[in-house]
Every structure is written in C-alpha cells, then in structure tokens.
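Whatever order the structure lists them in is the order used to number ligands and atoms, beginning at 1. If you're wondering where the values come from, they're calculated on a predicted model, not measured in any experiment.
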Amino acid sequence: MDSASTNPPFHKAFKTLMEKTQREREGFDETELVEIEECELPVIDLSPLFEENDDEVAREECKSEIARASKEWGFFHVVKHGISSEVLNGLRIEQEKVFKLPFDVKKNNNDFNFFAGSYRWGSPTATNIKQFSWSEAFHIPLADIMGSTTSTTTGPNNTLTYRIEQFAWDAYNLAQTLADILAEKIGEQNSKFFRENCLPTTCYLRMNRYPPFPMASPSQVHGLIPHTDSCFLTILLLQDQVRGLQLVKDGKWIAVKPNPHALTINIGDLFQAWSNGVYKSVEHRVVTNPEFERFSTAYFFCPFNETVIENCSKQPSVYRRFSYQEYRQQVRDDVQKFGTKIGLPNFLLHNTWCRTSG
Ligand SMILES: C=C1C[C@]23C[C@@]1(O)CC[C@H]2[C@@]12CC[C@H](O)[C@@](C)(C(=O)O1)[C@H]2[C@@H]3C(=O)O
Ligand SMILES: O=C(O)CCC(=O)C(=O)O
Ligand SMILES: [Fe+2]
C-alpha cells in the first residue's frame with residue numbers, strides 16, 4: 001500500500017494499467033531484459049572559464065570539450081562549475097520537505113501560489129504500462145518566482161521559493177555561458193541570440209521524486225519514461241547517489257554512473273534544431289529502484305514562447321522553423337494523443353521518420 005499521506009496512488013494507477021496492458025498483449029518487452037552497461041559521462045572541468053588569468057589555451061580546450069561532448073554524447077558532467085554546495089544543498093533540503101507533504105496538499109497546492117498547477121504524478125494520459133512514470137514532480141515556470149525572494153531583505157531564507165530562486169540565478173548564468181560557447185563553436189561568434197531570447201523568467205525548473213518501486217522487475221518500470229527535453233539545454237542536479245538515469249548512446253541504452261561532484265548537462269531539442277542536428281538531444285529515461293527513493297532537479301534553459309527556432313548554419317535545413325510556443329503545443333497534443341512525446345521528428349523537413357512504437 002502507498003503510505004496514504006505522502007505518495008500519490010501509484011499502486012492503483014499501476015494495477016489498472018497493468019490489467020489493460022495485459023489485455024492488449026502489449027506487456028513488458030522481453031528484449032528489455034538485457035543487462036545495461038554502466039558508463040562514465042565525459043567530465044569537463046569548467047574552472048578555466050571562470051579563472052581570471054590569461055590561460056587562453058586551457059579556456060579554448062575547455063570550450064572544445066563542451067562542443068565535442070554535445071556532438072558525440074548530448075550529455076556530459078561538469079565539475080568546478082561555480083555553483084556553491086550551499087546553494088545546491090539548500091535546495092535539496094527544501095525539495096525533500098515539500099515532497100513529504102500530504103498528497104492532497106501537493107495536488108491542490110493552495111498553500112503555495114507559485115505551485116498552482118505545477119504538480120504532476122504518474123502519467124494521466126498513459127494507455128499502457130510503458131507510458132507510465134513512477135514519479136511525481138513540480139514543473140515550475142520560473143517567471144512565477146524570479147525576483148520574488150532574493151531581491152528583498154525580508155523573509156526567511158530557508159523557504160523553497162528562496163532556494164529555488166537562488167539556484168535558478170546561478171543555473172541561468174551557467175546555462176548562458178554554455179549556450180554561448182556552443183554557439184561560438186558552430187561559427188556563431190558573439191551571438192546575442194541566447195542573451196536576447198532566454199531570460200531567467202523564460203526558464204523552467206522541474207523537481208522530481210522517484211519513490212522506490214517495491215515490486216518485481218523494477219528495471220522494467222520507468223521512473224520517468226524515455227524522452228528528450230523540450231529546451232535548449234538542461235542542468236540536472238543529481239545529488240543523491242541513487243542510480244537510475246539512462247541514455248541512448250550509439251543506439252544502445254547505457255546507465256549513467258553517478259558523479260557526486262558534478263552537475264549533469266544535456267542538450268535539448270531546441271539546440272538540436274538550432275544547430276541543424278550538430279548537437280544531439282538524446283533520449284533518456286529513469287529506471288526505478290526497489291529500495292531507495294531518488295530525487296533530482298532539472299533546470300530547463302528555454303526561450304520566450306514567441307522565439308523562432310531556425311537553423312543557424314549555412315547548411316540545408318533538417319527541420320522547418322518553428323516557434324517555441326508551437327513546439328510546446330505539439331508536445332502537449334502528442335502526449336494527449338499518443339501518451340508520449342514525439343518531439344523533433346514532427347518538424348523534419350523531409351519526413352523519413354515513421355512511428356513504430358507507442
Ligand atoms: C508524458 C510526458 C510528459 C513529458 C513528455 C512525456 O512524454 C515524457 C516526459 C515529460 C517531459 C520531461 C522533461 C520536460 O519536463 C518535458 C516538458 C519534456 O519534454 O518531456 C516533459 C513533458 C511534459 O511534462 O509535458
Ligand atoms: O531524474 C533524472 O535523472 C532525469 C530527470 C529528467 O530527465 C527530466 O526531468 O527531464
Ligand atoms: Fe529529461
């Protein structure tokens with residue numbers, strides 16, 4: 001049984017979907033039982049970017065490593081990234097506290113006005129077990145909180161809003177730095193695109209909690225179903241060492257080895273489109289753990305809804321131009337219709353992609 005107060009009614013939803021899945025003979029795919037290899041992501045030390053010295057060689061090497069990892073992996077770890085452990089731990093503590101609130105409070109969230117409508121759990125649109133996520137999340141538009149707490153000297157600094165805002169300023173600066181480097185490395189020198197289109201208020205923060213999955217075959221049940229992120233890039237904060245994140249590399253799922261000193265960076269759909277496919281928005285997922293609860297925080301670096309995303313290179317375009325608003329609407333429509341996101345393949349100019357699963 002779910003502990004009535006905190007956990008959403010996962011078991012009930014899971015049982016209903018399992019029954020439906022079995023009826024439709026779309027159950028677990030036996031081929032998914034293969035052992036998944038664990039790998040270390042490329043680790044990039046960002047200190048040359050922030051140090052006030054003339055080591056131009058180290059700075060250029062660091063920038064090249066960022067671009068290389070974004071092309072070859074779409075994912076990498078960064079260390080010496082400039083975000084203090086006080087900021088990271090402060091957020092973690094407050095995040096845990098809010099997830100411990102009773103389910104009804106989280107669901108109705110009348111107590112926190114910036115939370116209104118941001119709470120999700122499971123997958124309301126799932127039609128089979130493969131589309132079900134054994135997790136809960138707050139998906140928060142930062143427009144609702146940036147400037148609301150840290151700019152005032154009054155009020156306690158141990159609130160979740162304060163901690164989110166503090167982290168979000170630092171994450172924003174890091175994301176801008178990385179985006180400018182990635183732009184420069186594909187020939188967009190001194191591009192103002194990201195400064196003009198992505199503001200601290202256009203970004204989103206998602207706090208995830210994955211309760212243990214206390215049944216057989218946890219690896220076949222997703223904590224978060226396979227997806228790519230609908231943003232330019234994501235900064236992932238994985239503070240506990242509970243494994244679970246997996247990504248596709250060279251056509252195979254691999255498990256990411258946790259790195260306690262690192263932030264995880266991944267390229268999102270918008271960067272893949274803007275770079276005309278040079279930087280890779282890679283499919284990733286979270287698998288459940290039978291014993292341990294897991295938390296993560298994702299900072300999504302996003303533009304205005306009106307921002308138009310188009311190929312910045314001189315090469316023939318792979319995707320048609322689209323506004324961010326249009327992209328988000330398409331994701332919402334697809335989730336509604338198919339129970340899962342399709343994403344960039346919908347925007348291919350020469351549509352050779354076809355739906356094989358769902
Ligand atoms: C059911 C879903 C919601 C989601 C798209 C998905 O098919 C699977 C993952 C979800 C996710 C996670 C990252 C981002 O928060 C998000 C916007 C995305 O692109 O994939 C969300 C989607 C969502 O909440 O609409
Ligand atoms: O929890 C994780 O490791 C990944 C979370 C994630 O992919 C997301 O929130 O988009
Ligand atoms: Fe993600």
Side-chain angles (χ1 to χ4, degrees), residues 13 17 41 74-75 77 92 95 99 117-142 171 202-211 222-248 253-259 262-273 280-289 292-302 305 324-325 327-347 355 357-358:
L17 274 177
L41 293 180
F75 261 84
H77 276 142
R92 169 58 194 261
Q95 173 169 343
F99 276 119
S118 70
Y119 180 70
R120 359 204 123 168
W121 71 273
S123 314
T125 53
T127 56
N128 65 47
I129 207 67
K130 283 186 189 166
Q131 295 171 348
F132 185 71
S133 296
W134 189 267
S135 57
E136 55 180 338
F138 289 98
H139 193 92
I140 302 165
L142 289 168
T202 59
C203 299
Y204 288 77
L205 186 112
R206 185 179 172 105
M207 300 188 295
N208 298 305
R209 172 179 173 259
Y210 307 90
H222 293 121
L224 189 56
I225 61 172
H227 67 280
T228 56
D229 292 347
S230 307
C231 56
F232 277 107
L233 61 87
T234 304
I235 300 178
L236 249 183
L237 183 54
L238 308 170
Q239 278 163 302
D240 45 35
Q241 297 305 297
V242 184
R243 287 164 163 75
L245 178 62
Q246 301 188 344
L247 58 93
V248 175
W253 283 104
I254 58 165
V256 173
K257 185 162 185 220
N259 179 332
L263 293 171
T264 308
I265 311 292
N266 67 283
I267 298 297
D269 301 339
L270 306 187
F271 232 130
Q272 177 162 323
K280 304 290 183 311
S281 177
V282 161
E283 211 181 2
H284 54 286
R285 66 185 181 187
V286 178
V287 292
T288 47
N289 188 295
F292 303 109
E293 171 181 53
R294 181 175 183 275
F295 292 92
S296 72
T297 315
Y299 179 87
F300 300 114
F301 186 61
C302 300
N305 277 332
Y324 183 45
Q325 163 89 40
Y327 194 77
R328 293 181 59 198
Q329 189 55 50
Q330 185 68 51
V331 170
R332 273 195 293 267
D333 291 350
D334 290 340
V335 170
Q336 198 63 40
K337 210 151 138 200
F338 305 116
T340 186
K341 163 182 169 180
I342 293 174
L344 275 185
N346 268 328
F347 294 83
R355 258 190 92 72
S357 67

Open item on the list: Taking the six-membered ring for Trp, are H222 and F132 closer than 6.0 Å centroid to centroid?
Closed with: no
- [ ] For the pair R120 and E136, find out whether any cationic side-chain nitrogen is under 4.0 Å from an anionic carboxylate oxygen.
- [x] no
Open item on the list: Need the ligand 1 atom indices (1-based, order shown) with element for anything under 4.0 Å from a heavy-atom of H139.
Closed with: 15 (O)
Open item on the list: For L224, which part has a heavy atom under 4.0 Å from ligand 2: side chain, backbone, both, or neither?
Closed with: side chain
Open item on the list: How far is atom 7 (O) of ligand 1 from the closest protein heavy atom, and which atom is that?
Closed with: K341 N, 3.0 Å
Open item on the list: Quick check: do L238 and L245 have side-chain heavy atoms less than 4.5 Å from each other?
Closed with: yes
Open item on the list: Could you check whether any side-chain heavy atom of L205 comes within less than 4.5 Å of a side-chain heavy atom of M207, counting everything from C-beta outward?
Closed with: yes
Task: Y204 to ligand 1, any heavy atom closer than 4.0 Å - done: no
Open item on the list: Below 4.0 Å from ligand 1: does a non-hydrogen atom of R120 turn up there or not?
Closed with: yes
Open item on the list: Please determine whether any non-hydrogen atom of D269 lies less than 4.0 Å from an atom of ligand 1.
Closed with: no
Task: Side-chain (Q272) to main-chain (K280) donor-acceptor, under 3.5 angstrom - done: no
Open item on the list: Students should be able to answer this: which protein heavy-atom is nearest to atom 10 (O) of ligand 2, and at what distance?
Closed with: H227 NE2, 3.1 Å
TODO: Fit a plane to each ring of F99 and F295, take the angle between them on a 0 to 90° scale, and name the class: parallel (under 30°), tilted (30 to 60°) or perpendicular (over 60°).
DONE: tilted
Task: Aromatic ring proximity H139/Y119, centre distance under 6.0 Å - done: no
TODO: Classify the contact between F300 and ligand 2 as side chain, backbone, both or neither, using a heavy-atom distance cut-off of under 4.0 Å.
DONE: side chain
Task: Check ion pair D269-K341 (N to O, under 4.0 angstrom) - done: yes
- [ ] For atom 9 (O) of ligand 2, grab the closest protein heavy atom and report residue, atom and distance to one decimal in Å.
- [x] N208 ND2, 3.0 Å
TODO: Assess R294 for proximity to ligand 2: is some non-hydrogen atom of it under 4.0 Å away?
DONE: yes
Task: Protein residue, atom and distance nearest to atom 19 (O) of ligand 1, heavy-atom basis - done: S230 OG, 2.8 Å
Task: C302 backbone acceptor or donor facing T202 side chain under 3.5 Å - done: yes
Task: Within the 6.0 Å centroid threshold, strictly below: F301 and F271 - done: no
Open item on the list: Only heavy atoms of T228, strictly under 4.0 Å: list the atoms of ligand 1 that pass.
Closed with: 18 (C), 19 (O), 20 (O)
Open item on the list: Using a 4.0 Å cutoff against the non-hydrogen atoms of T340, which atoms of ligand 1 qualify?
Closed with: 7 (O)
Open item on the list: Quick test: of every protein heavy atom, which one is nearest to atom 4 (C) of ligand 2, and how far off is it to 0.1 Å?
Closed with: V286 CG2, 3.6 Å
Task: Name of the D229 atom (N/O/S only) found closest to the Fe ion (ligand 3) - done: OD1
- [ ] Return yes if some donor-acceptor pair links the side-chain N/O of Q95 with the main-chain N/O of S296 below 3.5 Å, else return no.
- [x] yes
Open item on the list: List ligand 2 atoms under 4.0 Å from Y210, heavy atoms only on the residue side.
Closed with: 1 (O), 2 (C), 4 (C), 5 (C)
TODO: Give the residue and atom name of whichever protein heavy atom lies nearest to atom 14 (C) of ligand 1, and the separation in Å to one decimal.
DONE: F300 CZ, 3.8 Å
TODO: Starting from atom 1 (C) of ligand 1, locate the nearest protein heavy atom and write down its residue, its atom name and how far away it is, to 0.1 Å.
DONE: V335 CG1, 3.9 Å
Task: Side-chain heavy-atom pair W253, P226 within 4.5 angstrom cut-off - done: yes
TODO: Ignoring hydrogens, tell whether any protein atom lies closer than 4.0 Å to atom 16 (C) of ligand 1; use the non-hydrogen atoms only.
DONE: no
Task: Shortest protein heavy-atom distance from atom 11 (C) of ligand 1, along with the residue and atom involved - done: H227 CD2, 4.1 Å
TODO: Provide, to 0.1 Å, the distance between atom 21 (C) of ligand 1 and the closest protein heavy atom, together with that atom's residue and name.
DONE: R206 NH1, 4.0 Å
Task: Atoms in ligand 2 flagged as close to R206, the criterion being non-hydrogen separation under 4.0 Å - done: 9 (O)
- [ ] Kindly assign one of parallel, tilted or perpendicular to the pair H284 and F75, based on the angle between their ring planes and the thresholds 30° and 60°.
- [x] perpendicular
TODO: Please state which part of T234 comes within less than 4.0 Å of ligand 2, counting heavy atoms only: side chain, backbone, both or neither.
DONE: neither
